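Since the model is a prediction, treat every value here as computed from it, not as a measurement.
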Amino acid sequence: MVAPFVSRVKAHRPRKIRWLRKKNRNSRTKIRRLRIFFRWTIGTMSTGSWAAYTDAHLIKPQPEGTMALWRTRDATYLAIAHEQNWMREYYGVEAGGMLLDESGHQYKLKGLQDYPLGQIFWIEGYSGDCTVTVKVYEPIPLHIESITYIEPDGEPFKAWGANWKGTVKHHLSIEELRANQKLFEYHPRDVVTEDTF
């Protein structure tokens, strides 16, 4: 049985290796840069103007979208697993996401742990890494047993492999999500070299 509240969520903190070059870039400029990136610099993998992070929180391989939930007195933390397909991959989490309980009460997204909310950013690693993003929501009362997860659509753009469609997942059991906490323990990358054999 998992305790009803934790004091804090333990997560390996990524290192920021590049700051966003201009703070007030509008979305249209970001999309244009993304198109230019995919058209001209896919070989060099230039980070362009987005913030870039390395040494992300890694876990043992899990199916894409696996979730775990932690409760504190001040917030609800929802961790989501992502498989990294490239050595440098872009991410973005739009503000406006929420959790709904059975009565329809909304618990709004307050932030993204260690990454910027509402901006595109890079995570550097290795293909096959299983990385984690942790979303921070308003606290959910203890009597709530299931939630609906709602992620809004991202701003549309055309790029190979890009999919920023929204997601809705109904009837997620809080007990099952809390039981998944063990799947999200930090698991450092094992690098195999010729000397290892």
Side-chain angles (χ1 to χ4, degrees), residues 1-14 16 27 51 53 55-85 89-123 125 129-156 162-188:
M1 184 74 177
V2 182
F5 287 115
V6 294
S7 58
R8 67 183 186 88
V9 178
K10 296 175 185 169
H12 179 81
R13 299 195 72 165
K16 190 175 212 177
S27 298
Y53 297 84
D55 198 20
H57 183 90
L58 301 177
I59 59 174
K60 290 182 179 178
Q62 300 297 328
E64 180 79 19
T66 300
M67 297 179 172
L69 184 134
W70 288 260
R71 288 175 164 162
T72 67
R73 297 194 186 280
D74 302 324
T76 300
Y77 295 84
L78 186 69
I80 304 172
H82 307 280
E83 182 182 355
Q84 184 134 348
N85 298 312
E89 196 160 326
Y90 67 92
Y91 289 84
V93 176
E94 294 288 325
M98 67 182 74
L99 302 174
L100 291 177
D101 64 20
E102 301 97 346
S103 68
H105 184 80
Q106 299 177 0
Y107 304 92
K108 297 188 177 176
L109 178 64
K110 299 192 319 184
L112 190 61
Q113 186 171 301
D114 299 323
Y115 297 112
L117 181 65
Q119 297 176 10
I120 298 172
F121 57 92
W122 294 103
I123 295 180
D129 281 352
C130 196
T131 62
V132 176
T133 53
V134 180
K135 297 182 176 186
V136 183
Y137 294 89
E138 295 172 344
I140 296 176
L142 290 176
H143 69 276
I144 302 300
E145 296 179 0
S146 70
I147 54 171
T148 297
Y149 168 78
I150 299 175
E151 180 181 340
D153 288 346
E155 192 164 333
N163 179 5
W164 282 29
K165 291 188 176 180
T167 305
V168 177
K169 294 185 180 182
H170 297 283
H171 309 297
L172 297 173
S173 165
I174 288 181
E175 282 309 307
E176 287 177 18
L177 291 173
R178 294 178 69 225
N180 285 349
Q181 290 175 7
K182 63 185 178 292
L183 303 176
F184 284 78
E185 292 176 3
Y186 180 63
H187 181 72

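- Nearest heavy-atom pair, Pro61 versus Cys130, reported as atom, atom and distance to 0.1 Å: CA-CB, 4.1 Å.
- From Ser146, atom OG reaches atom CG of Leu99 across 11.0 Å, with rounding to the nearest 0.5 Å.
- Taking Asp129 as the reference, Arg189 meet the salt bridge (charged side-chain N to carboxylate O under 4.0 Å, His left out) condition, with sequence neighbours excluded.
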Carefully, step by step, assess Gln84 and Ile123 under the rule side-chain contact (heavy atoms from CB on, under 4.5 Å).
-> CA-CA 9 Å; Gln84 184 134 348; Ile123 295 180; 3.7 Å; yes

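- Residues meeting the side chain to side chain donor-acceptor pair (under 3.5 Å) test with Gln62, sequence neighbours left out: none.
- Here Ile59 contributes atom CD1 and Thr66 contributes atom OG1; the two are 7.0 Å apart, rounded to the nearest 0.5 Å.
- Using a distance-only test at 3.5 Å, with no hydrogens or angles considered, a donor-acceptor pair links the side chain of Glu64 to the main chain of Glu83.
- Of all non-hydrogen atoms in Ala95 and Pro152, the two that sit nearest each other are O-CG, 3.9 Å.
- Listed for the Asn180 side chain is a donor-acceptor partner under 3.5 Å among the backbone atoms of Met67.
- Side-chain contact check for His57 versus Tyr186: some heavy-atom pair is nearer than 4.5 Å.
- For the pair Thr76 and Trp70, the minimum side-chain heavy-atom distance is 4.5 Å or more.
- A 4.5 Å side-chain heavy-atom check between Tyr77 and Gln113 finds at least one atom pair inside the cut-off.
- Expressed to the nearest 0.5 Å, how far OG1 of Thr133 lies from CG of Leu117 amounts to 11.0 Å.
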Step-by-step side-chain contact (heavy atoms from CB on, under 4.5 Å) determination, Glu145 to Glu175 | CA-CA 7 Å; Glu145 296 179 0; Glu175 282 309 307; over 6 Å; no

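- Counting heavy atoms from C-beta on, the side chains of Tyr107 and Ile144 come closer than 4.5 Å.
- Within the 4.5 Å cutoff, the side chain of Phe184 has no heavy atoms near those of the Lys182 side chain.
- A distance of 13.0 Å separates NZ in Lys108 from OH in Tyr137, rounded to the nearest 0.5 Å.
- Side-chain contact check for Leu100 versus Ile147: every heavy-atom pair is 4.5 Å or farther apart.
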Given side-chain contact (heavy atoms from CB on, under 4.5 Å), test Leu142 with Arg71 step by step and report yes or no.
-> CA-CA 9 Å; Leu142 290 176; Arg71 288 175 164 162; 3.4 Å; yes

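- Of the possible donor and acceptor atoms, none in the side chain of Glu176 sits under 3.5 Å from a partner among the backbone N and O of Leu172.
- A heavy-atom distance below 4.5 Å is not found between the side chains of Leu58 and Val132.
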When you look at Glu151 and Lys135, which way does the salt bridge (Lys or Arg N to Asp or Glu O under 4.0 Å) test go after all the steps?
-> CA-CA 11 Å; Glu151 180 181 340; Lys135 297 182 176 186; 3.7 Å; yes

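- A donor and an acceptor atom, one from each side chain of His171 and Thr148, are nowhere located under 3.5 Å apart.
- Residues that satisfy the side chain to side chain donor-acceptor pair (under 3.5 Å) test with Asp74, not counting sequence neighbours, are absent from this structure.
- Counting heavy atoms from C-beta on, the side chains of Ile140 and Asp101 never come closer than 4.5 Å.
- Using bins of under 30°, 30° to 60° and over 60° for the plane-to-plane angle, the ring pair Tyr115/Tyr53 lands in the perpendicular bin.
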Apply the test side-chain contact (heavy atoms from CB on, under 4.5 Å) to residues Val136 and Lys110: give CA-CA distance (whole Å), side-chain angles for both, the deciding distance (0.1 Å), then the verdict.
-> CA-CA 6 Å; Val136 183; Lys110 299 192 319 184; 4.1 Å; yes

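- Here the side chain of Gln181 pairs a donor or acceptor atom with the backbone of Leu69 at under 3.5 angstrom.
- Two rings, from Tyr91 and His82, have their centers less than 6.0 Å apart.
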